[in-house]
Amino acid sequence: MVVRWDASSTAAPNGGTVLAPAQATAQGRWIQMHDGVQDFRRFGHFDAERPADDALDAMVEDPAVHRVEAHTDLLFTRRHVFDRSGIELDFGGHTVHSTGIEKNTHDNPFGAVLAFRGTVTDTSVSYALPATVIELTDTFPVPDSSAFRVGQWWTVQVDPVKGGGRDERELQKLVEITEIVDGTHVRIGYLNGWELAQGRTLTWTRVEPVRRAHVRDMRFLGAGDDEYTGSHPVSYEYAVDCDVRDIHATGTFWPVIMRRWCTRFSTERCSLKNPPTVFYGGAGYLTQQIYCLYGRVSDCVTSNVRHLNDLTASAYCTVVNCHGDGDDAGGNPFTTHGQYEHDLLFDGNSGLMDIANSGAQWGISAKRITVRRHVCSWFTANTKITDLTLEDVTVIARPTFDQAGTLTVNADGAQVRGCTAKFFAVAQRSARSRRPTVISDCSFALPAGTVLVQTPVTAPVHFERCVLTGLDGVVLRGSGPVRFTDCTLEGANGSAAPLSVGSTDLVVESGALRDTGIQLTAVRDQRVHLTGGVRLSGTNGSGALLSRSDGPGRITWQLSGVTSDTDAATAHLRIAHGTNHVAATSSRFTGGRLHLEPDACADVLYSSCVEDGTQRTAMPQDGDTVRTDGNLVF
């Protein structure tokens, strides 16, 4: 390195950029000459034998330094907090050790070796909304816009939801003021994801964020196995445009990269393996983002961790080509917290996943989450998740974790396309969406007794071009309408129980039912409509392809263009209980039986049908409310 003598300097020697002569004097220092790029070797660090904390502080806290490089392994034993911007720390792929690091404070995932934290000012504004703030607006009312300036950064958060969880808020973000609209409105760099009702209180706090503080290319060895002795490399709080790349960690306690109140960032090509715990809340993550905007996590991998990625109260973020293995024992690599996350994209990842599933304390809510080309052995999204989109999600049962191969969704605008699973179920915890719940081009091998549509479901559910196999006592319990279009439903075998259907309205259009059938529960008034050339064949354990239970509900049967083929012991249609309204036209029955108990039929139209070797075991006589002529019987 090059140094110059400054005879008048009284700067404190730091062993690198400021050097005292061998015979120290009060005045006179050797000052290192540099172009803003610094190196730990210039402070005498050529290995990890002694702590390099003082050198780190000297370089990062020097405003003339914009880049710090490491060319050897290093040891840090302190937890550093920096508030400066415009700096890059590049460790050149060398290993950072943290053996003997100072004790952390309680429940502090921001006690990283490298903690970057912006400055929260004492300027704060609270305001009760004079009118509803609509969804997807970037203009917000304020009491006096003169308190704001374009280019400033503020945190904005709404008060907790009345009657909700302790931490249930729809809005918590770090935003930039982009325009002063008028005397009582400002525009921010964020389109909000949730409507805020009149009277809700917004609190704005001005922040001087850390900007462009990047960390690169590090191997990190964690030390300690609890919240106090454990170590982790990086955290950001109140930060903008701060990126992390190529950090590969082993044995860290808190998240390798921890972020809160961050906007515009990327985390690339990072990894974590074997943290000391996957059961302690908040510990054992690769990365967590809380109240974050516009982030991208890509090309990351984990082994034996709690979460690869956690998005909490975050929006407009993307997770791409990330993969988590060793997720059998307590960890699901991909998760959102349920604190009103919205507009998130997961693309091309693998590993267990759940969404908005951390508990009612935070709201169990999310909106417009899209998951594409994902592979895992367990996927659950059955809390208050609105407008979920799943494309090409493959769930493969794994004996070491979930032998059922579970995929569950919330019937609140869910769109499930081209997905495969063993156990599949539709639940309902919310009704916020305007779009229908549609499951299309999917394949599910359902275990016996699966409740396919759960009790709380009142929303319409539409299955299109799906294949459901292994059916044996599968239940559609919810009262909401269910429609199958061009679907194939296959029973496990000829003695399997038929579908038990509690839906108010069941429509089966085209498609085929083999070795299964439909039995209406009659717990409520129901309507069933089979049309469009739907084909029934085989038999089942109830001895009837279409039947009803002895419940109180009135059933309306409408069969049009149905083809049914079964053995002599099985009924195509068996109506023996309750009150029924029957219309069967233009259908063909081969073999089997027709059983329409006269006392159970309030009215019957049975016409233009073909019976090929079909036995009528019960049929009402024609009269004012019964018409059974005009059929071809042979």
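Quick caveat: nothing in here was measured; it's all calculated off a predicted structure.
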Quiz item: Is the centre of the Tyr190 ring less than 6.0 Å from the centre of the Tyr294 ring?
Solution: no

Self-check item: Considering all heavy atoms, the nearest Tyr280-Glu227 contact
Solution: OH-OE2, 3.3 Å

Quiz prompt | Check: Phe334 ring centroid to His374 ring centroid under 6.0 Å | solution = yes

Practice problem: State plainly whether the residues Glu135 and Arg368 are in salt-bridge range, i.e. N to O under 4.0 Å. | Solution: yes

Practice problem: Please name the pair of heavy atoms, one in Leu174 and one in Thr263, separated by the smallest distance, quoted to 0.1 Å. | Solution: O-OG1, 2.7 Å

Quiz item: Stepwise, does the side chain to side chain donor-acceptor pair (under 3.5 Å) test hold for Arg187 with Thr139?
Solution: CA-CA 4 Å; Arg187 177 167 283 119; Thr139 301; 3.1 Å; yes

Quiz item: Can you list the steps and then say if Ser235 with Glu237 is a side chain to side chain donor-acceptor pair (under 3.5 Å)?
Solution: CA-CA 7 Å; Ser235 69; Glu237 194 171 22; over 6 Å; no

Quiz item: Does the pair Asn321 and His323 meet the rule for a side chain to side chain donor-acceptor pair (under 3.5 Å), with working shown?
Solution: CA-CA 7 Å; Asn321 192 34; His323 306 281; 2.8 Å; yes

Self-check item: Arg166 backbone acceptor or donor facing Glu168 side chain under 3.5 Å
Solution: no

Quiz item: When you check the gap from the basic side-chain N to the acidic O, do Asp217 and Arg245 get nearer than 4.0 Å?
Solution: no

Exercise. Sequence neighbours left out, what passes ring pair (Phe, Tyr, Trp, His ring centres under 6.0 Å) with Tyr285? Give chain and number order.
Key: His307

Quiz item: So with a 6.0 Å cut-off around CG of Asp83, is the heavy-atom count from everything else above 12?
Solution: no

Self-check item: Asn108 backbone acceptor or donor facing Asn104 side chain under 3.5 Å
Solution: yes

Self-check item: Test log, rule side chain to side chain donor-acceptor pair (under 3.5 Å), inputs Gln157 and Thr203
Solution: CA-CA 5 Å; Gln157 71 174 14; Thr203 300; 5.5 Å; no

Quiz prompt | Under-4.0 Å salt bridge between Glu69 and Arg41 | solution = no

Exercise. Pick out which of Ile290, Asp167, Thr312 makes a side chain to side chain contact (heavy atoms under 4.5 Å, CB included) with His337.
Key: Thr312

Exercise. Give, for atom NZ of Lys173 and atom OH of Tyr316, the distance between the pair rounded to the nearest 0.5 Å.
Key: 9.5 Å

Exercise. Search all heavy atoms of Pro141 against all heavy atoms of Leu129 and return the closest pair with its distance.
Key: CG-CD2, 3.7 Å

Quiz item: Does Asp241 pair with Arg211 as a salt bridge, N-O distance under 4.0 Å?
Solution: no

Exercise. Kindly say whether Trp153 contributes a backbone atom to a donor-acceptor pair with the side chain of Arg206 at under 3.5 angstrom?
Key: no

Self-check item: From Val234, Val113, Leu114, residue fulfilling side chain to side chain contact (heavy atoms under 4.5 Å, CB included) relative to Phe220
Solution: Val113

Quiz item: Are side-chain heavy atoms of Arg117 and Val210 found at a separation under 4.5 Å?
Solution: no

Self-check item: Carboxylate-amine/guanidinium contact Glu61 Arg84, below 4.0 Å
Solution: no

Quiz prompt | Salt-bridge criterion met for Asp412 and Arg429 (N-O under 4.0 Å) | solution = no

Quiz prompt | Electrostatic pair Arg398:Asp327 at N-O distance under 4.0 angstrom | solution = yes

Quiz item: Could Arg373 and Asp347 be called an ion pair, given the rule that one side-chain N must be under 4.0 Å from one carboxylate O?
Solution: yes

Quiz item: Do NZ/NE/NH1/NH2 and the carboxylate oxygens of Arg78 and Asp54 come within less than 4.0 Å?
Solution: yes

